[in-house]
K.L.:
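The structure is given below, and queries will be raised subsequently.
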Amino acid sequence: MTSLNFHDFSTSLPDADELVRGLNPQQRAAVEYRGAALLVVAGAGSGKTRVLTHRIASLLATGDAWPSQVLAITFTNKAAAEMRDRVGTLLGREAQGMWISTFHSACVRILRAEAEHFGYTSGFSIYDAQDSRVILKRLIKKYRADVFTLTPRGVAAKISKMKNDLVDADAYLRTTSGSDPVARMIGELFREYEAELRRANAFDFDDLIAQTVYLFRAFPDVAERYRQRFRHVLVDEYQDTNRAQYALIRELTRDGGASLTVVGDSDQSIYAFRGADIRNISEFEKDFPGAKTILLEQNYRSSQTILDAANAVIGNNTDRRVKRLWSDLGTGERIQGFVGYTAHEEAQFVVDTIGALRDEGTRYSDIAVFYRTNAQSRALEDMLIRGGVPYRILGGTRFYERAEIKDALAYLTIVANPNDDQALRRVINSPKRGIGDASIAQLASFAERTGGSLFDALGHAEELGFGPKLRQAMSGFHALITRAAAGSEPLDELARNLLESSGYLAALAASRDPQDESRAENLEEFLSVAAEFVEAHPDGTLVDFLTEVSLVAAVDELDDASGTVSLMTLHTAKGLEFPVVFITGLEEGILPHAMAIQEIGGIAEERRLLYVGITRAQQRLYLSLALNRAQFGGPSASVPSRFLEEIPAELVHWGGARMRRSGLPAAHYSRSTQREQPEIPARSNHADGDAAQPKRRVQRVWPGALTTEVRNNEGLVVSAGDRIRHTAFGEGTVQATTGAGPKLVAQVLFDDGAHKKLLVRLAPIEKISD
DNA sequence: TTAGATCGCGCACCG
DNA sequence: CGCGATCTAA
């Protein structure tokens, strides 16, 4: 290799010129720029990961950085793994020693290393949002804060916001001094909550960032050490950083600290609800005088049609840096729109279309279905199951949030951190040991008097005047944990031993609740995850394992998505791409979400969310909605999303139910919706407040989207003369059939005189006689 | 005092 | 429809 760099030791490094080969001029500039601050405004699909990885490789190749001087921050572990992988491909062994991780992982690593500085031990626990709420619930009760109509959820949100803004309890109380009793109470709860976490040797999610900032501010020598170490900090998805994350970056880059590269796109900022501050990116040049800005506008992902739609939608946001994505991948297919009468019809459309795509050779793993809220996945799942389509859901009730998994983790957490009262409360009575609320309250009061933990209190069960049964249960639990902590078995065996000797697995096996069977299966799955961890990290500790599972994100579970359609929320979709994308539920109240409509800036954020969704699509995009959607227990009528009107009509081919006059502009309907298609009456929905509406209206539907009561009568064959029974229309006689196989349509004369065409595979019918 | 059953409310997005 | 608060039986 003829190397431009003069380091003899770096024979495995690529040539600096090689690294920019095949990059466009802007990408190349972003890779080669050397200066204190660089902002790469990277439109969707503009190759930013490529720029980041090549830039890191370039820094090393030109001798501007050692591996250990690089800190690259991504948004998810999956993104970090991918970046590590790609940097590894470019650099080989040279890539070792870099920190490529999420904000949270990097901060945990720092906090564990420096735990002694703030009176924690390095085995501290990490509380998730649910843990926080449980603690607050107890505190709200204790302080009778419910008279102020304070809820755990609400207070948790306030505390989270404060932490993201680097406001601590004292600072908050100072600003609210006296005047407002509710604010005072919130401040007190905040203070107590902090005390509780400290006693338990625990941090919550927001602490991970905020406490690292406080650490750096309180211990300048510690901060200086990290400033010396990280000479190059690179931050991906910069538009989604919050104030605390911004402060952390500043701490690392100030006073001749690291050079800073940030990559982001303000049009994809979708995390305002957790404190993301769009100004971090929009005012980057002010924050870092002399910063260089590079725009990446060429998109390598999507057809021009898809980009035109995305540009049109996002163009309705004001106050943005105008950029226009372009692609040389060609016009591509038109976007397909579909209007269903119900969420089931909408789901049926998705399933039918997936079937058709599959027939054309599209792989399931190339298809993704997005929705605004997790609740929407249910109807989709139903249809996918009926349609025999393999799918997987990212997020939703995540694996590590399942009660039984959290229980298993709680056992392990107590071993790692016996001060963690929260974990102890969780499993002290699971399985049932007869230790109820009253007994726990007694233990807690003893713990408070003696300044110890609940676990310590358990050790003194004999002295606390409990009955023999309770004493035995308490000492037994204490001994169980003590034994586990003293042993030295690998953690997968430790986990199994805890679940077995605690009686947890036995209780599940003895239960007659059918769900407990799948809980036991989940625990087996968990144990194999632990075994894999041991395999992958022979030197990994229990705390390492607990840290890893605490920080997994929904999208981190995508890896083995082979052969399945992927379902996820629009938020989870960020950073991903798929040849085929469905975006469902394009209705007012869903997208934009009803909550967002009332918030300032809410609509703009929802628009960005749709923009993110659209720009995930490479070749084909489907947009769908349902005019009636069961929500909050009952059905409710909906109106098409305002965003649909922002997409140029000529880009979309609409199918499905005819829309009311108040719906999309007429130009949105294509003639083809008037095609002759099987007719079915709409389910006679409850009065939706509009008496003028005919009770049964004829709708025109996408082929296959036939009825709300969908079945899969796979293989059912009927022919003229057969008698059938329909769940809604009663009995009737088949007059004739058309089509064959899954497309078999029967014309039926029902006994009440009605004449219907039914798609045999899906209609709720059964054959009575030949 | 605990455990199981029933009732009733509320129901984004996430590392 | 899922979860938590509340009721009731032991």
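The structure displayed is predicted, hence computed values, not measured ones. Order of the sequence lines fixes the chain letters, A, B, ..., with proteins taken first and strands second; residue numbering starts at 1 for each chain.
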K.L.:
Identify whether any heavy atom of A/A438 sits under 4.0 Å from a base atom; if not, whether one sits that close to sugar-phosphate; answer base, sugar-phosphate or nothing.
P.N.:
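Answer is sugar-phosphate: A/A438 comes under 4.0 Å of backbone atoms only.
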K.L.:
Using only side-chain N and O atoms of A/N374, determine if any of them is under 4.0 Å from OP1 or OP2 of B/dC13.
P.N.:
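Yes, because at least one side-chain N or O of A/N374 sits under 4.0 Å from OP1 or OP2 of B/dC13.
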K.L.:
Describe the nucleic acid contact of A/E237 in one word from base, sugar-phosphate, nothing, applying a heavy-atom distance below 4.0 Å.
P.N.:
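If one applies the 4.0 Å heavy-atom cut-off, A/E237 turns out to touch nothing in the nucleic acid.
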K.L.:
Find the distance A/E605:CD to B/dC14:P and express it as a whole number of Å.
P.N.:
13 Å
K.L.:
Using a cut-off of 4.0 Å on non-hydrogen atoms, how would the nucleic acid contact of A/R372 be classed: base, sugar-phosphate, or nothing?
P.N.:
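It contacts base atoms.
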K.L.:
Ignoring hydrogens and angles, state whether a donor on the side chain of A/S105 or A/T102 is under 3.5 Å from an acceptor on the partner side chain.
P.N.:
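Result is yes, a qualifying pair exists.
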K.L.:
If you measure only the distance, is there a donor-acceptor pair under 3.5 Å linking the side chains of A/D420 and A/T413?
P.N.:
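A/D420 vs A/T413: no donor-acceptor pair found between side chains.
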K.L.:
Is A/N429 near enough to B/dA3 that one of its side-chain N or O atoms lies under 4.0 angstrom from OP1 or OP2?
P.N.:
yes
K.L.:
Determine whether the aromatic ring centres of A/Y271 and A/H571 lie less than 6.0 Å apart.
P.N.:
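Judged by ring-centre distance (under 6.0 Å), A/Y271 and A/H571 do meet the cut-off.
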K.L.:
In whole Å, what is the span from the CZ atom of A/R433 to the P atom of B/dA3?
P.N.:
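Atom-to-atom, A/R433 to B/dA3, this comes out as 11 Å.
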K.L.:
With a cut-off of under 6.0 Å to the ring centre and 45° to the axis, is A/R616 in cation-pi contact with A/F370?
P.N.:
no
K.L.:
Given B/dG15, is OP1 or OP2 found less than 4.0 Å from the side-chain N or O atoms of A/S550?
P.N.:
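Result: no.
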